[in-house]
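One structure is given here, and the rest of the page talks about it.
Predicted model only: the values in this text are computed from it and were never measured.
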Amino acid sequence: METGLADLSQEFRNTAEHFGSWGLELVAVRGYLNRLMDNSKVVRHLAHHFPKQLAQFQGILETDPIN
């Protein structure tokens, strides 16, 4: 557990240095969006009620996060 936390802390610092605070926020949002899209109920709801937004979310997750 400590090793995982240390790795996560290092990754956080590396991201903050590389992208700055704005980039760090985008990384966090992308992670949250990825978790939402892993939920089949959320995806079904979006597909039924918000298909355009679902397509945009999927497009965001398909792009290279580094560029």
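To the nearest 0.5 Å, atoms CD (Q56) and CG (L46) are separated by 11.0 Å. With values rounded to the nearest 0.5 angstrom, N39 atom CG is found 12.0 Å from N34 atom CG. How far NE2 of H45 is from CG of L54: 11.0 Å, rounded to the nearest 0.5 Å.
A chain of hydrophobic side-chain contacts below 4.5 Å, direct or via other Ile, Leu, Val, Met, Phe, Trp or Tyr residues, connects L61 to V42. Using a 4.5 Å cut-off between side-chain heavy atoms of Ile, Leu, Val, Met, Phe, Trp and Tyr, with links allowed through other members, V29 and F57 fall into different hydrophobic clusters.
Taking a 6.0 Å sphere around NE2 of H48, one finds it holds 12 or fewer heavy atoms contributed by other residues, nucleotides or ligands.
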